[in-house]
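Following: one structure in structure tokens, then a few remarks.
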Amino acid sequence: MISKELEKAFNEQITFEIYSEYIYLSMQAYCARMHLAGFTNWLDIQVKEERAHAMGLYNYVISRGGKVELGAIDAPKQDWNSVLEVFEDVLKHEQIVTSRINALADIADEVKDRAATSFLDWYISEQVEEENNASEILAKLRLIKEDANALLLLDKDLAARVFNPPVIG
Ligand code: OFO
């Protein structure tokens, strides 16, 4: 059985993962408006990944006899000046997620819930990948600057990303 304190922290993170999904959906709409099909595809997959992250936590709470309680979600940002700005926000957002996952794992440690600690290891590793993916694209966008041809080449690369449903836990 999951403790009430940990259940609350899991529920807050479920809501935050769905908020992440919502933020990326807004970024996806911006890229679609810019006719950047590859960036749109990359963000579409990010949206799906965030829902999978939320559902991993959701299913875990249920499997431990807890109660899932979803919180309110703020409206996401709607506009950016460039895809560079979008990816600056992606990286900042993933850094926030990392600190939240670490804080969640700290609570699991404090309440000595070893099963939850072990389960959250997957999310800790996933955040290394999430930050790395965002950093790599951001680094390329900083090199590209105003070069439209290079931007279109990167867009073509990002069109190749495919969604592989993560196996969590
Ligand atoms: Fe992007 O990792 Fe979940 O939120």
Side-chain angles (χ1 to χ4, degrees), residues 2 6-32 36 38-64 66 68-78 80 83-109 113 115-142 154-155 157-169:
I2 196 166
L6 195 52
E7 180 188 81
K8 180 171 177 286
F10 262 79
N11 276 324
E12 285 168 1
Q13 190 57 29
I14 292 168
T15 301
F16 199 81
E17 296 290 345
I18 296 172
Y19 177 52
S20 303
E21 177 186 356
Y22 210 35
I23 287 172
Y24 292 137
L25 190 59
S26 187
M27 292 175 175
Q28 181 186 346
Y30 167 80
C31 290
L36 291 166
F39 284 92
T40 304
N41 173 63
W42 193 94
L43 285 157
D44 178 46
I45 291 165
Q46 202 65 15
V47 166
K48 293 182 171 91
E49 289 216 344
E50 298 307 346
R51 173 55 64 97
H53 295 167
M55 292 312 293
L57 299 163
Y58 172 110
N59 289 326
Y60 186 75
V61 169
I62 291 171
S63 75
R64 295 289 307 278
V68 168
E69 280 188 12
L70 302 176
I73 296 175
D74 291 337
K77 185 169 163 179
Q78 316 284 352
W80 292 263
V83 280
L84 174 65
E85 267 188 21
V86 168
F87 276 83
E88 282 169 347
D89 281 1
V90 171
L91 181 58
K92 274 188 230 151
H93 186 75
E94 289 302 333
Q95 288 165 341
I96 292 168
V97 175
T98 299
S99 64
R100 291 184 61 100
I101 294 289
N102 289 341
L104 182 56
D106 284 346
I107 296 171
D109 285 346
D113 187 329
T117 301
S118 159
F119 173 76
L120 289 169
D121 280 346
W122 184 90
Y123 283 84
I124 290 167
S125 303
E126 173 72 0
Q127 280 315 117
V128 175
E129 193 183 317
E130 289 279 74
E131 284 195 33
N132 188 45
N133 288 345
S135 298
E136 284 196 2
I137 296 170
L138 184 55
K140 285 177 185 159
L141 286 168
R142 283 181 176 144
L154 178 58
D155 188 58
D157 280 357
L158 298 183
R161 187 184 191 195
V162 291
F163 179 59
N164 296 308
V167 180
I168 298 175

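These figures come from a predicted structure and were not determined experimentally. Residues: numbered from 1 along the sequence shown. Both counts, for ligands and for their atoms, begin at 1 and track the order of listing.
Pairing each heavy atom of L91 with each of S135, the nearest pair is CD1-OG, 3.5 Å.
Remark: the backbone N or O of I96 is paired with a side-chain donor or acceptor of S99 at under 3.5 angstrom. Although no hydrogens or angles enter the test, the distance criterion places a donor-acceptor pair under 3.5 Å between the side chain of Y123 and the main chain of H53.
The Q46 neighbourhood of ligand 1 comprises atoms 1 (Fe), with distances under 4.0 Å to a heavy atom of that residue. With ligand atoms numbered from 1 in the order given, ligand 1 contributes 4 (O) to contacts under 4.0 Å with heavy atoms of S20.
Within E130, the N, O or S atom lying nearest to atom 1 (Fe) of ligand 1 carries the name OE2. As for E17, its N/O/S atom nearest atom 3 (Fe) of ligand 1 is the one called OE1. Checked against atom 1 (Fe) of ligand 1, the N, O or S atom of E94 at the shortest distance is OE2. Distances from atom 3 (Fe) of ligand 1 to each N, O or S atom of H53 single out ND1 as the nearest.
Residue contacts with ligand 1 for H93 are absent, since no atom lies close enough (heavy atoms, distance under 4.0 Å). In E49, neither the side chain nor the backbone holds a heavy atom less than 4.0 Å from any atom of ligand 1.
Salt bridge annotation for D44-R161: absent, with no cationic side-chain nitrogen under 4.0 angstrom from a carboxylate oxygen. Under a 4.0 Å N-O distance rule, the pair K8/E12 qualifies as a salt bridge.
Taking the six-membered ring wherever Trp is involved, the centroid distance between the rings of Y19 and F16 falls below 6.0 Å. Not less than 6.0 angstrom separates the ring centroid of F87 from the ring centroid of H93.
Heavy atoms of E126 stay at 4.0 angstrom or farther from ligand 1.
Here the CD-OG distance, from E130 to S125, works out to 12.0 Å after rounding to the nearest 0.5 Å.
Every N/O-N/O distance between Y24 and ligand 1 stays at or above 3.5 Å.
With a cut-off of 2.8 Å, atom 1 (Fe) of ligand 1 has an N, O or S atom of E50 in range.
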